[in-house]
Trainee: 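I am attaching a structure below and will ask some questions about it afterwards.
Lettering follows sequence order; numbering is per chain, from 1.
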Number of protein chains: 2
Amino acid sequence: MPNKRPYIHVSGSQGSRFMLSQGVGYAAIALGHIAAAGGKPVLVKEIAEAASIPAPYLAKIVHMLAKRGLLATQRGVGGGVTLAKPATEISLYDLCEALDDVVVQPRCMLGTAECSDARACPAHKFWTAHRNKTLDFLRSTYVADIAAFEARRRWSKPADGPGATSLNILPS
Amino acid sequence: MPNKRPYIHVSGSQGSRFMLSQGVGYAAIALGHIAAAGGKPVLVKEIAEAASIPAPYLAKIVHMLAKRGLLATQRGVGGGVTLAKPATEISLYDLCEALDDVVVQPRCMLGTAECSDARACPAHKFWTAHRNKTLDFLRSTYVADIAAFEARRRWSKPADGPGATSLNILPS
DNA sequence: TGAATAGATGACAAACCGATCATATGGTAG
DNA sequence: CTACCATATGATCGGTTTGTCATCTATTCA
């Protein structure tokens with residue numbers, strides 16, 4: 001339905017620091033779709049069309065997630081993609097790990113190589129605490145939450161106020 | 001002196017989401033050095049050697065910051081780089097803006113194009129609050145703070161505990 | 001004027017991410 | 001066995017950031 005692309009399509013790496021990689025974003029939405037299907041295999045093509053994600057690229061992400069044990073794929077007629085474990089047991093953090101997002105690697109905010117509690121950069125104290133909050137969110141947000149959020153939004157009025165934005169997905 | 005490089009040198013964009021760009025990190029440390037010189041012009045080469053930053057790359061960053069009005073450069077004998085305004089008036093946020101770091105651009109955590117209060121992605125509420133804290137830190141941390149932090153660390157024992165890590169640079 | 005100094009500038013390479021295309025491979029159904 | 005379907009896989013491309021190199025230009029000083 002939406003011919004306006006719901007993703008920021010950027011050729012090249014283009015940066016985008018301070019957000020998850022595009023791949024993890026795609027994965028999060030895709031797994032939400034798969035979870036919503038309730039165990040029935042879903043085609044990569046279907047997901048790609050529904051979420052306006054480039055299909056060949058999504059196929060590679062799906063393949064990687066299958067290799068890492070988060071998805072199960074089945075070729076041939078009647079095949080498709082299913083979750084390899086319950087939607088309540090796959091967190092955003094798991095997706096970041098599986099897709100090697102840099103957010104899971106401890107990095108200095110300023111890029112210094114030797115940055116630790118013992119030898120801190122000027123931003124170290126802030127960044128350590130801030131990063132922990134990021135990881136807490138990723139570890140406590142599950143594919144099930146994403147599916148529930150998307151399902152709820154589908155019943156709310158689009159572009160609605162509080163109904164569309166108050167969700168249990170939000171810690172603190 | 002340090003032949004171990006204090007920066008993570010990565011050829012290529014390599015990602016590094018969830019930190020500032022390498023350029024902003026270099027700029028922050030470089031301006032700390034310049035501020036510490038107390039108004040005397042500092043050579044790009046000196047800064048580069050002291051901080052183990054690639055000199056030609058630093059030269060470009062310095063040039064950009066000069067174009068944006070944060071630094072003043074002077075060629076010829078006795079020349080070098082000085083701050084164009086007081087160290088207490090140049091924030092990390094200013095550096096990010098001048099160097100077009102993506103942190104200053106509002107972006108959805110999951111990369112969706114249409115993400116707003118009205119049409120939120122599952123991470124929107126968390127991310128909005130989290131991002132505001134990031135910006136608060138950047139806006140309230142100044143080149144003067146960096147210079148002071150580096151100066152203090154120089155007097156502390158290297159790799160020391162609380163003395164080296166407790167600093168006024170940390171909000172909350 | 002000429003030499004030395006120091007930043008300015010442009011060309012270019014490497015690495016990575018996002019994306020696309022074509023083709024191979026593994027399954028199911030008849 | 002054959003046709004068809006759906007994922008698997010590899011080649012390739014464009015764009016961005018980071019980094020290197022060579023050269024130009026501006027300034028100072030003798």
Trainee: Going by ring-ring contact (aromatic ring centres under 6.0 Å, His included), name the pairs with one or both residues in residues 25-77 of chain A, residues two or more places apart or in two chains.
Mentor: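 Only A:Tyr7-A:Tyr26, A:Tyr26-A:Tyr57 qualify under ring-ring contact (aromatic ring centres under 6.0 Å, His included).
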Trainee: Whether the side chain of B:Arg75 and the base of D:dT25 hold a donor-acceptor pair under 3.5 Å is what I'd like checked.
Mentor: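 Check passes, donor-acceptor contact within cut-off.
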Trainee: Given that A:Pro56 and A:Gly76 both sit by DNA chain C, which one's nearest nucleotide is further toward the 5' end?
Mentor: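 So the residue in question is A:Pro56.
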Trainee: So does A:Arg68 pair up with A:Asp100, basic N to acidic O under 4.0 Å?
Mentor: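 Between A:Asp100 and A:Arg68 there is a salt bridge, with a charged N closer than 4.0 Å to a carboxylate O.
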Trainee: Between D:dT28, D:dC4, C:dG18, spot the one nearest the side chain of A:Ser21, thanks.
Mentor: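 So the nucleotide nearest the side chain must be C:dG18.
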Trainee: Closest approach to the side chain of B:Gln74, judged atom by atom: which nucleotide of C:dG7, D:dT27, C:dA19 is it?
Mentor: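 Looking only at heavy atoms from C-beta outward on B:Gln74, the closest nucleotide is D:dT27.
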Trainee: Under 4.0 Å, heavy atom to any atom of DNA chain D: which of residues 57-66 of chain B qualify?
Mentor: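 Contacting residues: B:Tyr57, B:Lys60.
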Trainee: Between B:Leu92 and B:Ile146, does the side-chain contact (heavy atoms from CB on, under 4.5 Å) criterion hold? Intermediate values first, please.
Mentor: CA-CA 10 Å; B:Leu92 280 183; B:Ile146 297 168; 3.9 Å; yes
Trainee: Select one nucleotide: of C:dT20, C:dT5, D:dT7, the one nearest the side-chain heavy atoms of A:Pro54.
Mentor: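 The nucleotide sitting nearest to the side chain is C:dT20.
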Trainee: C:dA4, D:dA6, C:dA19: which one has an atom nearest the side-chain heavy atoms of A:Leu43?
Mentor: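 Of the options given, the side chain of A:Leu43 lies nearest D:dA6.
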Trainee: Where the side chain of A:Asp136 meets the backbone of A:Lys133, is there a donor-acceptor pair that is under 3.5 Å apart?
Mentor: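 Here the side-chain-to-backbone pair does not exist.
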Trainee: Establish, with yes or no, whether the OP1 or OP2 oxygen of D:dA6 is under 4.0 angstrom from a side-chain nitrogen or oxygen of A:Thr73.
Mentor: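 So the side chain of A:Thr73 is outside the cut-off, no N or O lying under 4.0 Å from OP1 or OP2 of D:dA6.
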